[in-house]
Amino acid sequence: MEHDIKDLNLAEGGRRRIEWAEWEMPVLRTIQERFKKEKPLKGIRVAACLHVTSETANLMHVLQDGGADAVLTASNPLSTQDDVAASLVSHREIPVFAIKGEDNATYYKHIGAALDHKPHVTMDDGADLVSILHKDRRELLDGVIGGTEETTTGVIRLKAMSKDGALEFPIVSVNDAMTKHFFDNRYGTGQSTIDGIIRATNVLLAGKSFVVAGYGWCGRGLAQKARGMGANVIVTEINPLVALEALMDGFRVMPMSEAAKIGDFFCTLTGDLHVLDKHHFEAMKDGAIIANSGHFNVEINIPALEEMSTEKKQVRPFVEQYHLKDGRTINLLGEGRLINLAAAEGHPASVMDMSFANQALALEYMVKNADKLENKVYPVPEDIDREIARIKLDAMGVEVDVLTDEQVKYMDSWEMGT
Ligand SMILES: NC(=O)c1ccc[n+]([C@@H]2O[C@H](COP(=O)([O-])OP(=O)(O)OC[C@H]3O[C@@H](n4cnc5c(N)ncnc54)[C@H](O)[C@@H]3O)[C@@H](O)[C@H]2O)c1
């Protein structure tokens with residue numbers, strides 16, 4: 001079986017971590033039981049381009065148990081857990097192409113290897129797989145019936161492709177499911193980004209100024225957690241409505257040019273380009289710590305930082321200290337890549353349980369319905385979203401009220417007033 005991973009000898013450690021994550025993934029386990037019996041993905045070749053983590057491994061197990069012939073490649077050069085990759089290859093014979101710290105050429109070579117699998121369905125996180133398929137491997141397009149996409153940035157790219165008439169098969173946007181972005185983007189990114197920053201630096205957050213760029217689902221989560229750690233949180237935004245929300249949630253809001261002078265920590269989560277740029281670096285305090293938790297490593301203008309520096313040195317794992325010509329230092333975490341995956345372990349399993357339940361069910365939906373769908377980006381069907389929330393609550397031992405017949409009638413009528 002073809003694969004390209006760091007070291008097969010790491011497999012046992014990987015297995016233990018995959019099993020640990022599985023405890024916190026009851027929704028996925030419920031789907032797994034059904035998939036084992038019904039085999040809804042029988043004979044379906046899947047190319048998955050996802051962060052290779054212990055949670056993703058559980059998803060890969062479920063796809064395989066559902067009858068899929070799946071391969072996995074990384075969706076980021078720094079997010080792979082090498083022991084998990086080894087376990088998937090060794091214990092499940094799932095081909096994996098991913099090595100933590102791989103260079104860009106290897107990253108794209110691995111995407112190519114996943115595409116060599118001639119997928120019927122793509123499962124993407126950031127749309128690199130789909131993009132390469134449309135640009136360089138068009139001969140494979142005929143065999144693809146559809147795909148799924150995990151993250152905000154990927155959905156934005158795919159919608160742009162669809163608008164241009166360039167998208168050649170339908171996609172289900174897992175990110176748009178409420179059981180995904182309400183929890184994964186907010187609570188998952190919030191907690192794991194703090195975790196990544198702390199593991200990388202071990203610097204106290206209490207009493208420090210912490211600048212969160214972008215108050216979307218991820219930014220909201222991070223701002224909330226940073227406040228919980230005792231930091232003074234400042235939010236920067238470009239959307240007036242969202243900025244207002246941040247303000248009324250109790251955060252200071254200001255342009256980055258102002259925040260740059262105050263911040264001890266900066267973290268970008270916008271999906272945008274050069275949110276931290278040269279003029280911001282020029283204004284920053286000596287010793288400022290900067291990180292990104294948005295999908296791509298373009299949110300911080302690293303080439304500009306390089307140009308302003310006389311030297312850079314690695315002072316701790318995932319911390320590079322840039323010495324600027326004027327004598328100040330700026331500390332860049334995780335090469336500007338998703339810090340929660342680079343320096344920590346990504347989202348906790350409990351939120352990935354819902355994200356990956358959406359992936360598994362969206363894939364099943366795609367296999368059943370692809371012939372009825374156009375080459376567009378579709379949301380996850382609402383009944384899937386609700387069902388996932390129901391199973392999750394059930395697993396957490398939480399019951400909710402049910403509408404009485406009288407209430408159903410009232411909610412459906414317009415005649416009744418005071
Ligand atoms: N780290 C992770 O594990 C993880 C998890 C989920 C999503 N993501 C990624 O994080 C990014 C944000 O995702 P989201 O779901 O929060 O998106 P979102 O669309 O909900 O939020 C992004 C916010 O950034 C704001 N913004 C855009 N450009 C800006 C700028 N120049 N300055 C300040 N604010 C700006 C937007 O107005 C918006 O409110 C995406 O790239 C997404 O793919 C990362």
Side-chain angles (χ1 to χ4, degrees), residues 49-53 55-56 74-76 78-79 124-128 149-159 173-178 180-197 211-225 234-247 249 251 253-260 263 266-277 279-280 291-301 333-334 336-349 351-352 354-356 358-359:
C49 178
L50 300 169
H51 301 300
V52 181
T53 65
E55 294 79 19
T56 303
S75 56
N76 185 287
L78 268 190
S79 62
D124 222 342
D125 186 337
D128 273 349
E149 170 55 52
E150 173 79 6
T151 197
T152 317
T153 285
V155 173
I156 291 170
R157 292 177 84 190
L158 292 163
K159 285 189 175 159
S173 160
V174 165
N175 188 66
D176 287 342
M178 283 185 271
K180 200 278 183 181
H181 66 262
F182 273 19
F183 306 99
D184 168 319
N185 300 32
R186 181 165 40 176
Y187 302 108
T189 310
Q191 177 168 318
S192 60
T193 300
I194 290 284
D195 185 13
I197 291 172
V211 181
V212 175
Y215 198 66
W217 289 104
C218 295
R220 285 183 188 108
L222 178 61
Q224 194 189 69
K225 301 297 170 210
I234 296 166
V235 168
T236 71
E237 251 300 333
I238 46 132
N239 180 331
L241 275 172
V242 182
L244 196 57
E245 186 186 351
L247 197 67
D249 281 346
F251 298 108
V253 176
M254 62 184 77
M256 185 58 88
S257 50
E258 289 302 312
F266 296 82
C267 187
T268 52
L269 313 92
T270 67
D272 199 359
L273 180 77
H274 296 172
V275 179
L276 284 179
D277 212 342
H279 59 288
H280 302 128
N292 167 52
S293 210
H295 191 76
F296 286 120
N297 63 338
V298 297
E299 303 211 15
I300 299 173
N301 188 349
L333 306 190
R337 298 193 188 276
L338 305 132
I339 191 60
N340 60 330
L341 283 140
E345 294 171 65
H347 296 358
V351 291
M352 294 319 293
M354 290 186 281
S355 305
F356 285 162
N358 275 294
Q359 280 287 9

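In each ligand, atom 1 is the first atom listed, and ligand 1 is the first ligand listed.
Residue-ligand proximity, Thr236 to ligand 1, at heavy-atom distances under 4.0 Å covers atoms 33 (C), 34 (N). Of all the atoms in ligand 1, the ones that sit under 4.0 Å from a non-hydrogen atom of Asn239 are 37 (O). Near Leu338, meaning under 4.0 Å from one of its heavy atoms, ligand 1 places the atoms 1 (N), 2 (C), 44 (C). Shown in contact with His347 at under 4.0 Å from a heavy atom are these atoms of ligand 1, numbered in order with element: 2 (C), 3 (O), 5 (C). Every atom of ligand 1 is numbered from 1 in the order shown, and the set under 4.0 Å from a heavy atom of Leu269 is 12 (C), 22 (C).
The closest side-chain heavy-atom distance from Pro348 to Gln191 is below 4.5 Å.
Counting protein heavy atoms only, atom 26 (N) of ligand 1 is closest to Ile238 CG1, 3.6 Å. The protein atom (non-hydrogen) at minimum distance from atom 22 (C) of ligand 1 is Thr270 O, 3.7 Å. Nearest protein neighbour of atom 43 (O) of ligand 1, counting heavy atoms only, is Thr151 OG1, 2.7 Å. Counting protein heavy atoms only, atom 9 (C) of ligand 1 is closest to His295 N, 3.6 Å. Here the protein heavy atom with the shortest distance to atom 10 (O) of ligand 1 is Gly294 CA, 3.5 Å. If you check which protein heavy atom lies closest to atom 25 (C) of ligand 1, you get Glu237 OE2, 3.2 Å. In terms of protein heavy-atom proximity, atom 44 (C) of ligand 1 is closest to Ser293 O, 3.2 Å. Protein heavy atom nearest atom 2 (C) of ligand 1, with residue, atom name and distance: Asn340 ND2, 3.4 Å.
In this structure, a donor-acceptor pair under 3.5 Å is absent between the side chains of Glu345 and Thr53. Ser79 and His51 share a donor-acceptor pair across their side chains, judged by distance under 3.5 Å alone. A donor-acceptor contact under 3.5 angstrom links the side chains of Asp249 and Tyr215, judged on distance only. No hydrogens or angles considered: a donor-acceptor pair under 3.5 Å links the side chains of Asp184 and Ser355.
At a 4.0 Å heavy-atom cut-off, ligand 1 touches Asp272 through the side chain alone. Of the heavy atoms in Thr189, only side-chain atoms (C-beta onward) come closer than 4.0 Å to ligand 1. When non-hydrogen atoms are compared, ligand 1 lies under 4.0 Å from neither the backbone nor the side chain of His181.
For the ligand labelled ligand 1, residue His274 lies outside the 4.0 Å heavy-atom shell.
The distance criterion of under 3.5 Å between nitrogen or oxygen atoms is met by Asn185 with respect to ligand 1. When only interatomic distances are considered, the shortest N/O to N/O separation between Asn175 and ligand 1 does not fall below 3.5 Å. Among the atoms of Asp184, none of the N or O lies under 3.5 angstrom from an N or O of ligand 1.
The pair Lys159-Asp176 meets the salt-bridge criterion, since a charged nitrogen lies less than 4.0 angstrom from a carboxylate oxygen. With salt bridges taken as basic N to acidic carboxylate O contacts below 4.0 Å, one links Arg220 and Glu245.
In this structure, the side chain to side chain contact (heavy atoms under 4.5 Å, CB included) partners of Ala177, at least two apart in sequence or on a different chain, are Thr179, Lys180, Asn358, Val380, Asp385. Residues passing the ring-ring contact (aromatic ring centres under 6.0 Å, His included) test with Phe182, sequence neighbours excluded: Trp217.
A donor-acceptor pair is defined here as one N or O able to donate and one able to accept, closer than 3.5 Å; no such pair exists between the side chain of Glu149 and the backbone of Leu158.
Residue Gln224 qualifies as enclosed at atom CD: its count of foreign heavy atoms under 6.0 Å is above 12.
Going from atom CG of Asn340 over to atom CG of Leu222 covers 9.5 Å, rounded to the nearest 0.5 Å.
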